[in-house]
K.L.:
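Please see the structure below; I have some questions.
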Amino acid sequence: MDEKILEFAVLLRKAGVKVSHSEIAESLGALSLVGLERENFYNAMAATIVKDQSDLETFDKLFYYYFDPEFFGHRAEALKRWPNLYLTGSKDRCSGTEQTPGTGQGRATGFGQGEGLATTAADSFIQVIKTGDYGEMAEMVKRGVASLGQIGEEDLRDMKKAVRQVKVFLEWNMGIYRIEQEAGVVDESIWLTWQERLTEMERLLYLELEKTIINELGSEALETIIIRENLNELDFYRLSAPQVAEMKKKISRLAHKLATRLSFRHKRAKHGTIDLSKTIRKSMATGGIPIKPVFHDRYPTRPEIVVLCDLSGSVRMFSEFMLQLVYSIQNRFIHVRSFVFVDTPDEITEYMHNREIEDGIRDVYNKARFSKTAFSDYGRMFIDFCEKYLDALNKKTTLLVIGDARNNYQKEHAEYLQKMGREVKRVIWLNPESPDMWDREDSIMSVYGRFCHQVYECRNLEQLERAARQII
Amino acid sequence: MFGSIQEVKDKLTAQNYLINDNSATAVYLAVRLQKPLLIEGPAGVGKTELAKAAARALDTELIRLQCYEGLDESKALFEWNYQKQLLRIQANHLTDRTWEETKANIFSAEFYLARPLLKALQAEKPVVLLVDEIDKSDEEFESFLLEALSDYQISIPELGTVKATSIPVVILTSNNFRDFSDALKRRCIHLYIDYPSFARELAIVRLKVPGVNKVLAEKLVAFVQSLRKMVLKKSPSISETLDWARTLVLLGVETLDEEIVMNTVNILLKYQQDINKVADRIGGLLPE
Ligand SMILES: Nc1ncnc2c1ncn2[C@@H]1O[C@H](COP(=O)(O)OP(=O)(O)OP(=O)(O)O)[C@@H](O)[C@H]1O
Ligand SMILES: [Mg+2]
């Protein structure tokens with residue numbers, strides 16, 4: 001038993017959850033108190049091991065996969081050790097399933113499920129979303145995953161593709177499209193419920209697919225999958241849809257952390273200039289003798305910041321995260337102005353200011369004019385920026401450029417970036433690609449890098465956090 | 001002492017606190033393993049109330065340490081009563097006592113004020129120590145607290161080491177205003193209280209606002225639950241649901257309609273931005 005818990009903890013760590021030895025010991029103590037009935041077991045493990053709410057999702061997932069009867073089917077001794085684990089619970093999110101994945105040959109091509117002429121797969125999908133029966137939802141994703149037939153290494157490597165195939169089979173996107181058509185007609189409360197179920201369906205689909213892959217390919221697959229859970233180290237462009245949502249939460253936590261850390265650090269000064277009036281007031285308690293001097297608090301000077309975001313291709317996701325981060329902590333800066341570009345810059349400060357990030361970003365895509373040719377052109381963009389917005393820069397400004405420096409083999413015009421650099425306090429470039437991709441093909445990072453004070457690799461959350469600390 | 005998870009549930013229910021299995025397990029473990037319970041979650045979901053109810057359920061005293069920015073050891077632990085000491089010094093002045101005598105005298109038990117933490121450690125029988133909103137305190141205080149809670153003893157230069165007479169049930173609450181150190185988190189049993197399910201919230205409303213009829217209670221809870229699915233600056237919490245229910249009862253409302261909701265929705269939502277967002281959708285958000 002101890003062994004199993006230890007191994008579970010090792011996997012959790014690989015997934016990016018911090019687990020200490022004392023916590024493992026604690027969880028064992030807890031288990032001996034509450035027993036092994038599945039729900040108690042789960043609750044006790046969660047209470048003693050998950051100390052950060054944002055880790056719960058990962059914990060749940062691993063718990064579901066690891067303490068799964070099928071998974072342990074490969075490990076007979078484990079089954080003997082944990083007899084009661086598999087007997088109870090059926091509807092909760094951490095329960096196991098009995099069915100073995102499909103054994104069919106060849107992949108469905110995705111023209112319905114042949115359930116008769118009247119109902120198409122999309123009809124069933126819509127039906128399930130509308131009724132929201134949990135069992136039916138689970139049943140449907142199970143059928144979808146079974147349609148993949150034999151699961152192979154390929155599905156583990158490119159899970160997004162497998163997900164697409166299942167969705168085609170279930171006519172998932174068609175279903176969503178038709179449900180969205182109804183959005184305007186039905187009551188808001190119903191629509192909100194449907195949306196919630198759509199998210200849940202997506203989550204169930206990933207759970208089912210991953211679990212099937214693990215059961216098929218064994219513990220190495222589990223490890224691969226669980227490492228992908230580690231959002232701190234996962235490349236931004238690799239994120240799946242549910243992970244994007246999770247990442248947004250993480251970024252807002254990061255923003256929160258950055259904001260509060262700073263304010264705390266600058267609160268009560270321990271030395272510096274003495275605040276005489278407060279000192280005297282305080283000395284009243286000690287009979288007029290100033291035993292403890294009180295100091296003037298020091299307030300940090302806040303920087304001004306101008307953000308320049310590449311919205312093309314694979315950089316786009318990262319730019320959105322960065323915008324979210326910057327605007328969540330905008331009160332940390334005197335002033336934030338933001339621009340987006342593909343081949344020409346457009347200012348988006350207005351759309352983002354005091355708005356919900358999602359609304360702001362939607363407006364950016366609908367209203368901003370940042371692409372004339374749809375092909376990246378940093379050189380052109382710098383020229384245009386100098387022409388239109390040079391007055392946005394001054395000696396207090398930090399200029400933040402976010403992009404992969406892939407210039408599509410266009411003219412560099414680095415002298416314009418240099419010109420911008422002369423106007424500001426510092427230029428910082430965040431590149432979401434790994435440095436061994438820099439200067440390859442059409443990337444000209446070092447050409448522009450010469451005119452930056454710092455260039456950071458910023459592929460994942462961990463690096464983003466590090467860069468953000470530098471910037472503030 | 002709680003003998004089982006079920007007993008936690010029963011005893012807290014008897015104190016008018018309705019708890020789910022997940023929370024009950026965490027409470028049970030914290031009490032039995034003698035570990036601090038760190039409760040996080042949005043405002044108004046019953047974090048503080050849980051501590052209070054637990055104290056009543058365990059039939060013991062609740063000692064509360066309310067945290068705020070700048071809270072320091074002296075306010076939490078122990079403080080010399082300067083005023084009283086000064087008075088004694090002045091009084092002794094008029095007699096022929098030596099300074100040595102006076103000094104020994106004024107640094108004795110008579111002249112200090114035990115603050116919540118010390119009180120909790122010195123209590124005759126185990127109390128519930130509620131360290132409320134610990135996220136509002138600063139990091140220095142957090143590490144001081146951590147030390148005190150690690151082995152339930154503190155050393156105070158003037159008094160020597162104070163060891164707990166009885167180990168208190170410690171409950172820390174936080175609104176996530178800031179993150180805690182890993183050391184603190186490692187030390188604690190963790191509980192995240194989220195917004196309640198429809199069924200539990202309904203039960204809480206009916207328990208706490210007896211005047212509300214069943215149908216109205218169901219409708220108002222359903223409405224609040226729908227609001228929580230929307231993206232709002234601040235979602236309504238149990239405390240807002242209860243306030244709203246009480247208001248509706250006071251107004252003599254029998255059933256919900258758009259107008260009543262419109263006129264009272266400011267009890268549920270604190271931001272104008274949220275109110276605006278909800279205002280034109282009230283019709284659709286109301287249950288049938
Ligand atoms: N499970 C419950 N059973 C009964 N009443 C509850 C429950 N949860 C919350 N309440 C009621 O909700 C109200 C808010 O609870 P409380 O003040 O404890 O919230 P809180 O989480 O401490 O909020 P804050 O973060 O603002 O301090 C109280 O009136 C409490 O009685
Ligand atoms: Mg409270």
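Only this structure's heavy atoms are used, side chains among them; waters, hydrogens and symmetry mates stay out. Proteins get letters first, then strands, A, B, ... in listed order; numbering begins at 1 in each.
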K.L.:
How about OH on B:Tyr271, more than 12 heavy atoms from neighbouring residues, nucleotides or ligands closer than 6.0 Å, or not?
P.N.:
no

K.L.:
For the atom pair CG (A:Asp52) and OH (B:Tyr192), what is the distance rounded to the nearest 0.5 Å?
P.N.:
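Answer rounded to 0.5 Å: 11.0 Å.
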
K.L.:
Could you give the distance from CG (B:Leu33) to OG (A:Ser32), rounded to the nearest 0.5 Å?
P.N.:
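OG of A:Ser32 is found 7.5 Å from CG of B:Leu33.
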
K.L.:
Under a 4.0 Å N-O cut-off, is there an ion pair linking B:Lys35 with A:Glu26?
P.N.:
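Result for this pair is yes, salt bridge flagged.
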
K.L.:
In terms of heavy-atom contacts, does CD of A:Glu182 have more than 12 from other residues, nucleotides or ligands at under 6.0 Å?
P.N.:
yes

K.L.:
Against chain A, label B:Asp182 side chain, backbone, both or neither, depending on which of its atoms sit under 4.5 Å from a heavy atom there.
P.N.:
side chain

K.L.:
Hey, what do you get for CZ (B:Arg186) to OG1 (A:Thr48), rounding to the nearest 0.5 Å?
P.N.:
14.5 Å

K.L.:
Please flag which part of B:Tyr28 lies under 4.5 Å from any non-hydrogen atom of chain A: side chain, backbone, both or neither.
P.N.:
side chain

K.L.:
Is there a side-chain contact (heavy atoms from CB on, under 4.5 Å) between B:Leu285 and A:Asp187? Walk through the geometry before answering.
P.N.:
CA-CA 7 Å; B:Leu285 285 166; A:Asp187 277 354; over 6 Å; no

K.L.:
Could you grab the distance from atom CG of A:Leu192 to atom CZ of B:Arg281, nearest 0.5 Å is fine?
P.N.:
8.0 Å

K.L.:
Contact part of B:Gln273 toward chain A, heavy-atom cut-off under 4.5 Å: side chain, backbone, both or neither?
P.N.:
side chain

K.L.:
As an exercise: rank A:Arg253, A:Glu23, A:Gln195 by heavy-atom pairs under 4.5 Å with chain B and give me the winner.
P.N.:
A:Glu23

K.L.:
To the nearest 0.5 Å, how far apart are CG in B:Leu29 and CG in A:Asn43?
P.N.:
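So the gap between those two atoms works out to 9.0 Å.
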
K.L.:
Heavy-atom count around A:Gln181 CD within 6.0 Å, excluding the residue itself: above 12?
P.N.:
yes

K.L.:
Please determine, among A:Ser22, A:Ala44, A:Ala46, the option with the most heavy-atom pairs under 4.5 Å with chain B.
P.N.:
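Highest number of pairs under 4.5 Å: A:Ala44.
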
K.L.:
Can you tell which part of B:Leu191 gets under 4.5 Å to a heavy atom of chain A, answering side chain, backbone, both or neither?
P.N.:
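The answer is neither part of B:Leu191.
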
K.L.:
For the backbone of A:Lys51 and the side chain of B:Lys185, can you confirm whether one donor and one acceptor N or O come within less than 3.5 Å of each other?
P.N.:
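Not a single qualifying donor-acceptor pair exists.
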
K.L.:
Does any N or O in the side chain of A:Ser189 come within less than 3.5 Å of the main-chain N or O of B:Gly284, such that one atom is a donor and the other an acceptor?
P.N.:
yes

K.L.:
I'd like to know if the side chain of B:His190 and the backbone of A:Ala47 have a donor-acceptor N/O pair within less than 3.5 Å.
P.N.:
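Here the side-chain-to-backbone pair does not exist.
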
K.L.:
In Å and rounded to the nearest 0.5 Å, what is the OG to CZ distance from A:Ser20 to B:Arg187?
P.N.:
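It is 11.0 Å, given to the nearest 0.5 Å.
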
K.L.:
How about CD on B:Glu147, more than 12 heavy atoms from neighbouring residues, nucleotides or ligands closer than 6.0 Å, or not?
P.N.:
no

K.L.:
Could you check A:Gln53 against B:Glu40 for side-chain contact (heavy atoms from CB on, under 4.5 Å), going step by step and ending with a plain yes or no?
P.N.:
CA-CA 9 Å; A:Gln53 191 54 18; B:Glu40 297 186 276; 5.7 Å; no

